Every structure is written in structure tokens, then in C-alpha cells.
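Let me begin by presenting the structure, written as C-alpha cells, before commenting on it.
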Amino acid sequence: MSNSGSVRAVAIRPDQPHTVHPVSLQLYTPGPGQVEIDVVRVGVCGTDREIIAGEIGFPPLGLDELVIGHEVVGRVTAVGSSVNDIAVGDLVTVTVRRPDDCAACRSGEPDMCTEHRYVERGIAGAHGFMAERVIEDEEWVIKVPDRLEPIAVLTEPLTVVEKAVRQARLIQRRLNTWEPKTAVVLGAGPIGLLGTMLLRSQGIDVYTAARTPAPNPAATLVEACGATYVSTRDTPLLDVAAGLPRIDIVLECSGASRLMLDGMDILGNNGVMVLLSLTPEHDLAEAPVGRINRSM
Ligand SMILES: [Zn+2]
């Protein structure tokens, strides 16, 4: 690899909160099997907020700083030798996690990693994509149709809900028949909204519950895709659920421990609930566990 100059990037010091600052990185010409990408857009999500607050994240081995950014869309500007499926000019996104050597990772399912020794670009042990240009192995680069450029930066968060619904359907193969008709999505942040859209695209009636009363931008998006927005400040979730048909799927995307428990309470017979949010570690709550258990 040879030096092809420097690029500007945005970094933090994981050992100190709120240290977002510009840095200059050396960039190398892509080596064999590598791709150089001109970054078009980088998303910022709750994970970035936690990294910036110093709650999670660590720099590459031997460094003090971590370049953030793990949601990306960019345009390929150069390819190394023996790159076969990616060409200069392609619009691409890049996956985040690089597997460790656990059985799940070795089997090609790093999302199911059991040892958590993996590396994640922009989060854990590898620089992210909030830079003018990045280099990546072709293996982790995914082509995106040009017409999706304005929204392709949402590919990474979309994979979260795609995985959730896929896993729900895989689990439900335990049943001879399962045709989900009604879903409740808890939370209307980016993950809740993408989950709402995904379930709607599968023809499922979706009720998306969040605290903030409508009208608000999230409620507008929920209604625009044919789902129903419910404010839990106006109507408690249990009261909302009492007026619905049997709830086949609950996607918990709120980060609120109370809603996580209520989600178990409202789930219908033979339903499946997917826990997608990170709730505060030290939350305590009382729950009607007897009723929850009896109704499952
Ligand atoms: Zn692993």
C-alpha cells in the first residue's frame, strides 16, 4: 500500500466524554481486494450519542482516538487488484461488524456472536466512516442502486429491524401455521419507524406507540405508511391493546423498561416479541408477572 495523502475525519477520545473534534488521517491507496470510497453521507444515531458521551466504544488497538460513523453511503473512487464485484463509480454501503473467531462468527453469523470480541467500525476497535474517504475490504462492501442514494444511509439501521422480523418468522416456524396480522411497535425513533415501515410492507396492521402526543414528525411518518400512531401519554399501552385484535408481533424499540414489560403483557397467544432496544442497565420495575405468565 502506498500513501495517497490525508483526509479529514471526525473523531472522539473514548476515554473522555464529549470530545468530538476534527482529525487528519493518512489514506493509503487500496491494496489487493480493497476498495476506496468517497463518503457521501454518514448517519448519526443513538449509538453515536452513547459513544460521544463516553458510555461505549473504544479506539483501534494502540490509538487514543476513534473516528466515529457506522451508517454510511458512498461512491467507489478506486479499487485494488483482484477486486471483482465492485467497480469505480458504484454506489455502496459498508457493513459494520468484523467477526471474531467464535463459532457463530465462523459460521458466517457475526450478528449472533457469543464472545463479543468482534470489531465494529466507528464503534469498537476500528475507525468509522465519518471521513472524506475510507478504505474497506471488498468483502464488507455492498452495492446500492443509484436511485436509493438519498436514503441508503439508512441501510444499517434497516438491517436491525430486518433481522428482528426475520428472526421472529424463523422462531414462529415452530407453529404449523402463523400468519401475523397485527403488530405493535414500541417506540418511534429511527428503529421504531423503520420497523413500522417494514411490517407495513409485509401487509401487517401496525400500531406504533410512543410517548409524544401527535401531531409530531414521527406520527406523520407512521400514518403516511398506513400504520396507526398512538401516544402512550394520551392512552396507556394496556388500554390501547385492549381495543386491538390479537397482537401477533411486538417490536420493542423504545429503550423504556416499563414499555418492555408492558409489551410482554399485551402480546397475544402464540405471538412473538422482539427486544431491540437497550434499556438503562440499572432500571427496576414492578410487573404483573403472574398475569403475563398466565396469558402466554
Ligand atoms: Zn463472534
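The structure presented is a predicted model; accordingly, all values stated were derived computationally and were not measured. Just follow the structure's listing: the first ligand is 1, and inside any ligand the first atom is 1.
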Open item on the list: Does either side chain, that of Q202 or that of R200, offer a donor lying less than 3.5 Å from an acceptor on the other one?
Closed with: no

Task: Side-chain H-bond candidate by donor/acceptor type, T155 with T93, under 3.5 Å - done: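 No donor-acceptor contact under 3.5 Å links the two side chains.
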
Task: Name of the D100 atom (N/O/S only) found closest to the Zn ion (ligand 1) - done: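 Of the nitrogen, oxygen and sulfur atoms in D100, the Zn ion (ligand 1) lies nearest to OD1.
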
Open item on the list: Under a 4.0 Å threshold between the charged nitrogen and the carboxylate oxygen, would E109 count as salt-bridged to K163?
Closed with: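 Here K163 does not pair with E109 in a salt bridge, since their nearest N and O are not under 4.0 Å apart.
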
TODO: To the nearest 10 degrees, calculate the angle at the Zn ion (ligand 1) involving SG of C102 and SG of C105.
DONE: 110°

- [ ] Search all heavy atoms of T196 against all heavy atoms of C225 and return the closest pair with its distance.
- [x]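 Heavy atoms only, the tightest pair is CG2-SG, 3.8 Å.
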
Task: N/O/S atom of D101 inside 2.8 Å of the Zn ion (ligand 1), strictly under - done: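 D101 does not place any N, O or S atom closer than 2.8 Å to the Zn ion (ligand 1).
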
TODO: Specify whether an N/O/S atom of H116 falls short of 2.8 Å from the Zn ion (ligand 1).
DONE: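 Looking at H116, which is the residue asked about, there is no N, O or S atom under 2.8 Å from the Zn ion (ligand 1).
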
